[in-house]
2 protein chains.
Amino acid sequence: MNDLEGLTPEQIDKISKARERVIDSIGKNMDLYGITLSIGHLYGYMYFNQGPVTLDELSKTMGMSKTSMSTGVRTLLDLKMIDKVWGRGTRKDLFTTVPDWHQNFSDYFSIKWRKAVEGNMISLAKSLAEINDMKKEYSDDSKLMQLLNTDEEKITESINYYRWLLKLIESFENGKIFEFIPKEES
Amino acid sequence: MNDLEGLTPEQIDKISKARERVIDSIGKNMDLYGITLSIGHLYGYMYFNQGPVTLDELSKTMGMSKTSMSTGVRTLLDLKMIDKVWGRGTRKDLFTTVPDWHQNFSDYFSIKWRKAVEGNMISLAKSLAEINDMKKEYSDDSKLMQLLNTDEEKITESINYYRWLLKLIESFENGKIFEFIPKEES
DNA sequence: TTTAGTGTACAGTTTTAACTTTACGTACTT
DNA sequence: AAGTACGTAAAGTTAAAACTGTACACTAAA
């Protein structure tokens, strides 16, 4: 957190301003997919820092408690946006960003969405089965049957959507999405 | 909100349970992309109801204030997940779901992300320009130059990511994504 | 013009989430 | 074995968001 040491105050000011703006937009971006603004900033600082940082350094730079850094860092670890790295000569944990944002993006959806979507699909399947049971049981009640049919149709359509979504998530996971939308060269 | 009228209590119970489960998973799904659980439920109820509903009906069914329904409905309207429809013989506003979830998904990202991403790109470009100015100004200070270069590289990489993201969003907007990952037939 | 019905802005309340302080368990050092 | 450094759990506090009730503006009918 001190890679600006040895520069003139004016230089520090200029660089800091430029960095600050980027860090801010990183924060806003992460906010878009449900990560706290402050954790976004946390990532931003780490992103610009040369080399890994400790909880204490983060705490000092962010002006927040060490506990907050601990939880924030853990969130980012869970999302695979940062790594814990080993450093000789210190007992402190060291953390560094995973700088591949395309990968971050993919991991995020994979981690956060896959499980939920799969859970939802199970629920839908269960309800669909119940509807079908009812269709057998009350097959002579035409008014009810009509209702059951529209419900069935709606659930089926939802399942189709989730299936699509799952395939999208898979294309993130296996990188096929980058065949469809290539990363920028350079 | 009363399309179950005329059924036996047992039938109502069964259907309600099946629906409730689906509505719940709809809520959870929408929660994934930052929509309140309760608004998700709101959508879920509307999704299953035959025909459009009024704020008062929603309020009664959801057991929440009419004000909340008003704001919730407005949120869903902004995201183009529901439509306001016209009904003869009533002065109440009528709302109905847009049942195409693939479209909903696309709209959501288009609406929620595009603007933010574009804003971020502008910020990054500004910072990049400042870094480049500094590179000219302090071209004789090799330590500083090194720092500036790594910063520049990081910002450039970010911009690449945002460009990619924008292209992804565009593929949602123009439907090209469905050529890559087709909707399920059936 | 009045009157009744409707949606929403606004202020107030409650619930939820973020953050801090304190305290503790673990692991390393001596 | 005792002390120290470190990360985090737990409880407490503060800030933010969700939600409610009231009041008001607008429209349409009488």
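As the structure is a computational prediction, the values presented were derived from the model and not from experiment. All chains are named by letter (A, B, ...) in the order of the sequence lines, taking the proteins before the strands, and each is independently numbered beginning at 1.
- Between Tyr161(A) and Trp164(A), the ring planes are parallel. Angles under 30° get that label, and only those over 60° would be called perpendicular.
- Summarising the geometry, the separation between CG on Leu37(A) and P on dA17(C) is reported as 17 Å, rounded to the nearest angstrom.
- Atom NZ of Lys126(A) sits in a sparse spot, with 12 or fewer heavy atoms from other residues, nucleotides or ligands closer than 6.0 Å.
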Trace of the salt bridge (charged side-chain N to carboxylate O under 4.0 Å, His left out) decision for Glu130(B) with Lys17(A): CA-CA 9 Å; Glu130(B) 287 173 6; Lys17(A) 276 223 182 79; over 6 Å; no
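- Taking atom CE of residue Met62(B) and atom C1' of nucleotide dT20(D), one finds them 14 Å apart after rounding to whole Å.
- Between the CH2 atom of Trp86(A) and the P atom of dA27(C) there is a distance of 18 Å, given to the nearest Å.
- In this structure, Arg88(B) atom CZ and dA29(D) atom P are separated by 13 Å, rounded to whole Å.
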Contact pattern, 5' to 3', of nucleotides 4-13 of chain D - B, S or - by protein heavy atom under 4.0 Å: -BSSSBB---
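- Judged by distance alone, the side chain of Thr36(B) and the main-chain N or O of Ile39(B) form no donor-acceptor pair under 3.5 Å.
- Just one residue in the list Arg163(A), Lys176(A), Arg114(A) forms a salt bridge (Lys or Arg N to Asp or Glu O under 4.0 Å) with Glu170(A), and that residue is Arg114(A).
- Ring pair Trp113(A)/Phe172(A): centre-to-centre distance not below 6.0 Å.
- For Thr36(A), a side-chain nitrogen or oxygen approaches OP1 or OP2 of dA18(C) to under 4.0 Å.
- Atoms CG (Leu42(B)) and C1' (dA18(D)) sit 14 Å apart, rounded to a whole Å.
- Lys154(A) places a side-chain N or O within donor-acceptor distance of the main-chain N or O of Tyr47(B), the cut-off being under 3.5 Å.
- In terms of phosphate contacts, Ser68(A) brings a side-chain nitrogen or oxygen within less than 4.0 Å of OP1 or OP2 of dT20(C).
- A heavy atom closer than 4.0 Å to some atom of DNA chain C occurs in no member of residues 20-32 of chain A.
- For Ile39(B) and dA17(D), the CD1 to C1' distance is 12 Å, given to the nearest whole Å.
- Side-chain N/O atoms of Gln103(A) and Tyr108(A) include no donor and acceptor closer than 3.5 Å.
- Rounded to whole Å, atom P of dT6(C) lies 14 Å from atom CG of Leu58(B).
- Taking 4.5 Å as the limit, every side-chain heavy atom of Phe95(B) sits out of range of all side-chain heavy atoms of Met69(B).
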